[in-house]
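Okay, so here's the structure we're looking at.
Below, each value reflects all heavy atoms present in this structure, side chains not excepted, and no hydrogens, waters or symmetry copies.
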Amino acid sequence: MSVAIRVIPCLDVDNGRVVKGVKFADLKDAGDPVELAKRYGAEGADELTFLDVSASKEGRGTMVEVVRRTAEQVFIPLTVGGGVRSAEDVRELLRAGADKVSVNTAAIANPNLLRELSEEFGAQCIVLSVDARRVPEGGVPQPSGFEVTTHGGTKSAGIDAIEWARTGQDLGVGEILLNSMDGDGTKEGFDLELLALVREAVSIPVIASGGAGKAEHFPPAVEAGADAVLAASIFHFGEVSIAEVKEALKAAGQEVR
């Protein structure tokens with residue numbers, strides 16, 4: 001493999017604190033985002049992702065101050081998302097110290113926003129975050145069997161998830177953050193079928209998210225097509241370390257940094 005697999009802790013931030021729940025519900029406090037970010041930087045994380053989990057739902061902008069404080073103390077790439085609706089939002093986050101910005105709900109409402117952002121800031125700065133799940137019984141059927149959701153996985157967007165990832169690539173985004181809403185917080189492993197379908201559809205990097213419970217869950221995600229692997233609570237609560245994940249990837253013959 002020519003490019004090393006990135007291991008990325010994800011910090012879901014709600015009102016300035018890191019939280020974790022199952023499928024974005026029953027949120028538990030997991031600490032101060034800046035302190036956690038510093039810890040992960042020291043432990044060998046390749047990147048960090050901050051998601052403001054309540055921003056889209058409650059109509060709030062992202063926590064610029066948290067980003068600024070983190071960027072002053074942590075020197076690995078930082079992706080920030082949640083409530084990003086405009087070029088001005090992106091500009092503010094990049095100015096505060098983010099390296100990349102992820103867009104989700106606003107792009108579904110206005111797909112052309114992805115093209116505008118990619119043209120203005122460069123593809124390498126824009127990540128399309130896709131919250132995907134299997135179409136539930138009684139839902140609108142989709143060709144792939146997977147649909148896009150919004151509002152923390154609570155609402156169907158009525159769009160095929162694989163087609164949406166392909167559209168994001170066509171509109172110029174540099175990366176797909178693929179979150180399995182069926183797997184989120186369950187610790188039962190990544191959704192390998194979903195990953196493989198998206199990998200087949202796009203050539204840009206894909207970050208696997210949702211479902212990691214132990215170190216052994218990570219290599220299959222890479223085999224299914226992930227270029228990077230992301231997890232939250234197992235890192236926050238010390239159940240699995242970044243070093244253990246990298247060891248598991250190495251043991252499976254996958255290149256890590």
Check: Have D160 and S144 got a donor and an acceptor in their side chains that come within less than 3.5 Å?
Finding: yes
Margin query: Regarding D170 and R115, does a basic nitrogen lie under 4.0 Å from an acidic carboxylate oxygen?
Written below: no
Next item on the list: Establish whether V34 and V18 are linked, either directly or via other cluster members, by ILVMFWY side-chain heavy-atom contacts under 4.5 Å.
Entry: no
Notebook entry, point to check: Step by step, would you call K246 with I242 a side-chain contact (heavy atoms from CB on, under 4.5 Å)?
Noted result: CA-CA 6 Å; K246 292 195 173 189; I242 290 162; 4.1 Å; yes
Check: Closest approach of C10 and L230, non-hydrogen atoms and distance?
Finding: CB-CD2, 3.3 Å
Margin query: Is there a side-chain contact between L93 and V67 in this structure, where contact means two heavy atoms from C-beta onward sitting under 4.5 Å apart?
Written below: yes
Check: Are any non-hydrogen side-chain atoms of L171 and P111 less than 4.5 angstrom apart?
Finding: yes
Note to self: Taking the basic N atoms (NZ, or NE/NH1/NH2) and the acidic carboxylate oxygens, is any pair closer than 4.0 Å for R39 and E43?
What the structure shows: yes
Item checked: D182 CG to E188 CD distance, which is reported to the nearest 0.5 Å -> 10.5 Å
Checklist line | Flag, side chain of Y40 to backbone of H236, donor-acceptor distance under 3.5 Å | finding: yes
Next item on the list: Identify the two heavy atoms, one from G172 and one from S118, that lie closest to each other, and give their separation to 0.1 Å.
Entry: O-OG, 3.0 Å
Next item on the list: Nearest 0.5 Å please: distance from the CG atom of L192 over to the OG atom of S180.
Entry: 10.0 Å
Item checked: side-chain hydrogen bond (donor to acceptor under 3.5 Å, both in side chains) against R95, all qualifying residues, sequence neighbours excluded -> none
Side chains of residues 201-214: which donor-acceptor pairs under 3.5 Å do they make with residues two or more places apart or in other chains?
| unit_1 | atom_1 | unit_2 | atom_2 | d |
| --- | --- | --- | --- | --- |
| S203 | OG | Q169 | OE1 | 3.2 |
| S209 | OG | N179 | OD1 | 2.8 |

Notebook entry, point to check: Would you call T79 and F50 a side-chain contact if the rule is heavy atoms closer than 4.5 Å?
Noted result: no
Notebook entry, point to check: Is there a side-chain contact between D227 and R199 (heavy atoms, below 4.5 Å)?
Noted result: yes
Next item on the list: Quick one: do W164 and E147 satisfy side-chain contact (heavy atoms from CB on, under 4.5 Å)? Show the steps, please.
Entry: CA-CA 9 Å; W164 181 230; E147 66 178 1; over 6 Å; no
Item checked: Candidate pair N104 and L51, rule side-chain contact (heavy atoms from CB on, under 4.5 Å), full reasoning -> CA-CA 11 Å; N104 187 335; L51 294 178; over 6 Å; no
Next item on the list: Look at K155 together with D131 and state whether they make a salt bridge at an N to O cut-off of under 4.0 Å.
Entry: no
Next item on the list: May I have the step-by-step check of salt bridge (charged side-chain N to carboxylate O under 4.0 Å, His left out) for R133 and D191, ending in yes or no?
Entry: CA-CA 9 Å; R133 69 178 177 192; D191 191 323; over 6 Å; no
Check: Do you know which two heavy atoms are closest between D99 and P77, and how far apart they sit?
Finding: OD2-CA, 3.3 Å
Notebook entry, point to check: Got Q142 and E163 here, is their nearest side-chain heavy-atom distance under 4.5 Å?
Noted result: no
Check: How long is the span from the CD1 atom in I5 to the CD atom in Q254, to the nearest 0.5 Å?
Finding: 6.0 Å
Notebook entry, point to check: Should the pair E255-K250 be classified as a salt bridge under the 4.0 Å nitrogen-to-oxygen rule?
Noted result: no
Notebook entry, point to check: Below 4.5 Å, heavy atoms only, C-beta onward: do I108 and V148 meet side chain to side chain?
Noted result: yes
Next item on the list: Flag yes if more than 12 heavy atoms outside E88 fall under 6.0 Å of its CD atom; otherwise flag no.
Entry: yes
Next item on the list: Just say parallel, tilted or perpendicular for the rings of F218 and F190, cut-offs at 30° and 60°.
Entry: perpendicular
Item checked: Sidechain N-carboxylate O distance under 4.0 Å for D32, R69 -> yes
Check: Does the side chain of E175 come within less than 4.5 Å of Q124's, by heavy atoms?
Finding: no
Item checked: Residues E239, K187: salt bridge by 4.0 Å N-O rule -> yes
Next item on the list: List the atom of L113, the atom of A106, and the distance in Å for their closest heavy-atom pair.
Entry: CD2-CB, 3.8 Å
Note to self: Please check this pair: side chain of E120 against backbone of L117, looking for a donor-acceptor N/O pair closer than 3.5 Å.
What the structure shows: no
Check: Say you draw a straight line from CG of L94 to NZ of K100; how long is it, rounded to the nearest 0.5 Å?
Finding: 12.0 Å
Check: Would you call V127 and V103 a side-chain contact if the rule is heavy atoms closer than 4.5 Å?
Finding: no
Next item on the list: Applying side-chain contact (heavy atoms from CB on, under 4.5 Å), run through V90 and V84 and close with a yes or a no.
Entry: CA-CA 7 Å; V90 174; V84 174; 3.7 Å; yes
Item checked: Nearest heavy atoms of I8 and F235, plus distance in Å -> O-CE1, 4.3 Å
